[in-house]
Amino acid sequence: MHSVAIMQPYWIPYPGYFRLFKAADTFIVLDDVQHPRRGYVHRNQLLNHEDNLDWFTLPIKKASRDVQIRDLEFKPDAEALLKKQKSKFPILKDGLGVLEDHINLDQPVIETLINTLKTICCELRLDCSWHRSSDIGESHLKGPDRILALVKSMQGSRYVNLAGGVDLYDPKRFYRSQVDLAFLEPWEGQFISILQYMFSDDRKKMIRKMIDEQSVL
């Protein structure tokens with residue numbers, strides 16, 4: 001069975017997100033959809049100097065409400081703004097570690113999102129093939145029709161999603177299309193950026209173990 005996961009690219013997301021790379025053979029970056037302004041595409045949370053959760057936000061240029069994720073751009077003064085963001089978090093006192101070289105403020109934001117996700121996967125030894133929905137097409141389709149078309153484009157026989165998608169899809173509809181619908185169980189851990197765990201080998205091993213244990217379908 002060939003499993004396909006499809007998801008918007010998040011900025012250094014919480015560890016549970018990375019279970020998609022463990023559970024799927026193919027990951028499709030959903031980049032040709034509207035940018036959710038209150039979502040996690042351009043921001044996530046880390047512990048600040050008061051040990052409280054605070055937003056670590058990418059400095060993206062203001063755009064129209066219907067801008068797609070693949071068209072997001074960084075602000076002209078993004079370097080200074082990103083430096084200011086880093087200063088809020090003690091874990092980033094020496095920078096972003098292995099992610100530092102994969103943040104390119106001269107390219108569209110999507111490149112940074114994908115490159116940092118791939119780098120974290122490499123660090124955690126999570127392996128699957130990667131594709132972009134904008135390269136595949138089918139953008140005229142919406143909702144489950146689009147998902148099914150993307151899965152089929154990869155010769156997939158199973159669609160893997162996080163628990164939050166349970167109410168979005170009808171299993172019977174997928175069954176009729178000969179695609180199995182599978183959901184990961186709700187994440188049993190903190191909903192904090194995985195970056196909080198990436199500066200210690202012991203913490204990386206711990207979080208990889210949690211990902212492994214909670215990726216069973």
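Under the 3.5 Å distance criterion, the side-chain polar atoms of D77 are left unmatched by any main-chain donor or acceptor of A80. A donor-acceptor pair under 3.5 Å is formed between the side chain of S200 and the backbone N or O of R203. Looking only at distances, a side-chain donor or acceptor of R146 sits under 3.5 Å from a matching main-chain atom of E138. Counting only distance, with no hydrogens or angles, the side chain of N44 and the backbone of W11 share a donor-acceptor pair below 3.5 Å. No donor-acceptor distance shorter than 3.5 angstrom exists from the side chain of S215 to the backbone of A23, with no hydrogens or angles considered. A side-chain donor-acceptor contact under 3.5 Å links H49 to the backbone of S87. T26 places no side-chain N or O within donor-acceptor distance of the main-chain N or O of S129, the cut-off being under 3.5 Å. R43 places a side-chain N or O within donor-acceptor distance of the main-chain N or O of G39, the cut-off being under 3.5 Å.
We find the OH-CG distance between Y169 and L181 to be 8.5 Å, quoted to the nearest 0.5 Å. To the nearest 0.5 angstrom, F183 atom CZ is 11.0 Å from L217 atom CG.
The salt bridge (Lys or Arg N to Asp or Glu O under 4.0 Å) pairs that include a residue from residues 174-202 are D201-K204, where partners are two or more places apart or lie in different chains.
Residues S3 and R158 bring a donor and an acceptor atom of their side chains to less than 3.5 Å of each other.
P36 and Q8 get closest at one heavy-atom pair: CG-OE1, 3.9 Å. Shortest non-hydrogen contact noted between T112 and I103 is OG1-CA, 3.6 Å. When all heavy atoms of V4 and A24 are compared, the pair lying nearest together is C-CB, 4.2 Å.
Ring geometry, F21 versus W130: the interplanar angle falls under 30°, so the pair is classed parallel (tilted spans 30 to 60°). Between Y10 and Y17, the ring planes are tilted. Angles from 30° to 60° get that label.
In terms of the side chain to side chain donor-acceptor pair (under 3.5 Å) criterion, residue partners of S134 (sequence neighbours excluded) are, by chain and number, D31.
Looking only at side-chain heavy atoms (C-beta outward), D54 and Q45 stay at 4.5 Å or farther from each other.
Ring to ring, Y40 and Y14 are not that close: their centroids are 6.0 angstrom or more apart.
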